[in-house]
Novice: 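Shown below is the structure under consideration.
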Amino acid sequence: MKKTQQKQEGDIKAGNRLVQKYGRGVLKENLQMYGMMLPSLILILVFCYIPLYGLIIAFQDYVPGASFLGLDRQNYKVNPTAFPWVYTLTNIWKSFGFNSILYCSIISSIDPGLYEAAKLDGANRFQQVWHVTLPGLRAVIAINLIMAVGAVLSTNTDLVLLLYDPATYDVADVIGTYTYRIGILEGQYSYTTAAGLFTAMIGFVLTFAANKISDKLTGYGLW
């Protein structure tokens with residue numbers, strides 16, 4: 001009886017190990033598919049499940065604008081300490097969708113035979129990304145980098161205008177918002193036109209230099 005019980009326990013452990021090994025194998029083989037599903041899952045989580053927390057006001061004498069978790073109200077938009085985080089997270093969220101579509105479309109166009117050849121050569125997942133995926137993305141990475149370098153002085157002026165407040169001018173002001181405020185609101189047109197011209201010239205120089213460097217290092221550029 002004891003031997004039979006030990007045999008059954010051994011079979012159960014062997015079965016559990018087999019299931020775990022199979023599960024890891026399935027996860028590893030479908031990692032890219034899960035990565036493509038991640039943006040949709042995040043979207044569903046943010047807009048379908050997290051808002052369910054608001055049901056708590058059904059059990060409160062809620063007043064619009066009041067807090068829910070008894071915590072003090074926080075207006076992060078006018079908090080200079082919180083503004084860098086608000087801006088960064090908003091900017092990432094704003095560009096995440098388009099960039100995901102762009103890079104996923106490029107990745108899907110890479111020849112699967114290259115990954116199979118890399119596997120036959122003994123390349124692991126990281127090595128496949130380094131030697132197959134990144135070279136396939138090299139052109140779009142180079143072009144996006146050139147455009148980003150050229151626009152570095154503008155620093156998402158439109159987004160900052162939507163987010164900032166007089167209380168956060170010290171930490172939120174960029175050249176674009178400064179020239180807008182001084183030129184349009186205060187009427188110093190000559191001064192802000194000169195600032196805009198200077199910004200455009202610097203942007204052109206940075207774009208030209210980044211294009212030359214990218215063309216030399218990667219063979220890709222805007223012209």
Side-chain angles (χ1 to χ4, degrees), residues 16-51 83-160 162-163 174 176 202-223:
N16 290 335
R17 286 195 296 268
L18 183 61
V19 170
Q20 292 174 358
K21 183 178 180 181
Y22 176 76
R24 287 194 296 267
V26 171
L27 178 63
K28 186 176 180 181
E29 289 295 327
N30 296 280
L31 191 60
Q32 292 181 346
M33 184 181 297
Y34 295 144
M36 294 180 65
M37 292 171 56
L38 185 60
S40 299
L41 294 177
I42 293 176
L43 188 69
I44 294 172
L45 176 66
V46 171
F47 290 103
C48 296
Y49 287 98
I50 293 181
F83 183 85
W85 291 101
V86 173
Y87 169 79
T88 301
L89 293 176
T90 304
N91 190 42
I92 292 174
W93 182 256
K94 177 176 72 73
S95 58
F96 184 80
F98 174 77
N99 287 336
S100 297
I101 295 173
L102 177 63
Y103 285 101
C104 285
S105 64
I106 300 298
I107 291 174
S108 64
S109 66
I110 298 176
D111 185 2
L114 297 176
Y115 292 102
E116 295 297 331
K119 287 182 180 179
L120 292 175
D121 289 337
N124 56 31
R125 183 70 65 178
F126 176 78
Q127 291 170 332
Q128 292 175 43
V129 171
W130 184 261
H131 294 288
V132 180
T133 306
L134 288 181
L137 295 172
R138 185 165 53 185
V140 68
I141 291 175
I143 292 174
N144 281 342
L145 179 61
I146 293 169
M147 297 176 66
V149 169
V152 67
L153 294 182
S154 64
T155 322
N156 272 336
T157 300
D158 53 346
L159 180 59
V160 178
L162 292 173
L163 292 177
V174 295
I202 295 298
F204 173 77
V205 171
L206 290 175
T207 302
F208 186 84
N211 184 77
K212 284 292 185 182
I213 295 173
S214 175
D215 187 41
K216 184 176 181 180
L217 294 179
T218 67
Y220 297 100
L222 294 176
W223 62 83

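Quantities reported herein were computed from a predicted structural model and do not represent experimental measurements. Only this structure's heavy atoms are used, side chains among them; waters, hydrogens and symmetry mates stay out.
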Novice: Within this structure, what is the CZ-CG distance for the pair Phe208 and Asn211, rounded to the nearest 0.5 Å?
Specialist: 7.5 Å

Novice: Working to the nearest 0.5 angstrom, can you tell me the gap between Arg138 CZ and Leu134 CG?
Specialist: 10.0 Å

Novice: Just wondering, do Ile146 and Thr207 contact through their side chains at under 4.5 Å, heavy atoms?
Specialist: yes

Novice: Is there a side chain to side chain contact (heavy atoms under 4.5 Å, CB included) between Leu43 and Phe96? Walk through the geometry before answering.
Specialist: CA-CA 11 Å; Leu43 188 69; Phe96 184 80; over 6 Å; no

Novice: Shortest non-hydrogen contact from Leu163 to Tyr87?
Specialist: CD1-CA, 4.0 Å

Novice: Could you check Ile92 against Thr88 for side chain to side chain contact (heavy atoms under 4.5 Å, CB included), going step by step and ending with a plain yes or no?
Specialist: CA-CA 6 Å; Ile92 292 174; Thr88 301; 4.0 Å; yes

Novice: State whether the number of non-hydrogen atoms from other residues, nucleotides or ligands found under 6.0 Å of Lys212 atom NZ is greater than 12.
Specialist: no

Novice: Looking at side-chain heavy atoms only, is the closest gap between Leu206 and Ile202 below 4.5 Å?
Specialist: yes

Novice: To the nearest 0.5 Å, how far apart are CG in Asn144 and CE in Met147?
Specialist: 7.0 Å

Novice: Quick one: side chain to side chain donor-acceptor pair (under 3.5 Å) pairs with a partner in residues 42-51, sequence neighbours left out?
Specialist: none

Novice: Looking only at heavy atoms, which two atoms of Gly136 and Ile106 are closest? And how far apart?
Specialist: O-CG2, 3.6 Å

Novice: To the closest 0.5 Å, what do you measure between CG (Asn156) and CG (Asp158)?
Specialist: 5.5 Å

Novice: Rounded to the nearest 0.5 Å, what separates atom CD1 in Ile141 from atom CG in Leu102?
Specialist: 10.0 Å

Novice: Report the distance from atom CG of Leu45 to atom CD1 of Ile50, rounding to the nearest 0.5 Å.
Specialist: 4.5 Å

Novice: Can you check whether Phe126's main-chain N or O pairs, donor with acceptor, with Asn124's side chain at less than 3.5 Å?
Specialist: yes

Novice: For Ala118 and Gln128, which heavy atoms make the closest approach, and how far apart are they?
Specialist: CB-CG, 4.0 Å

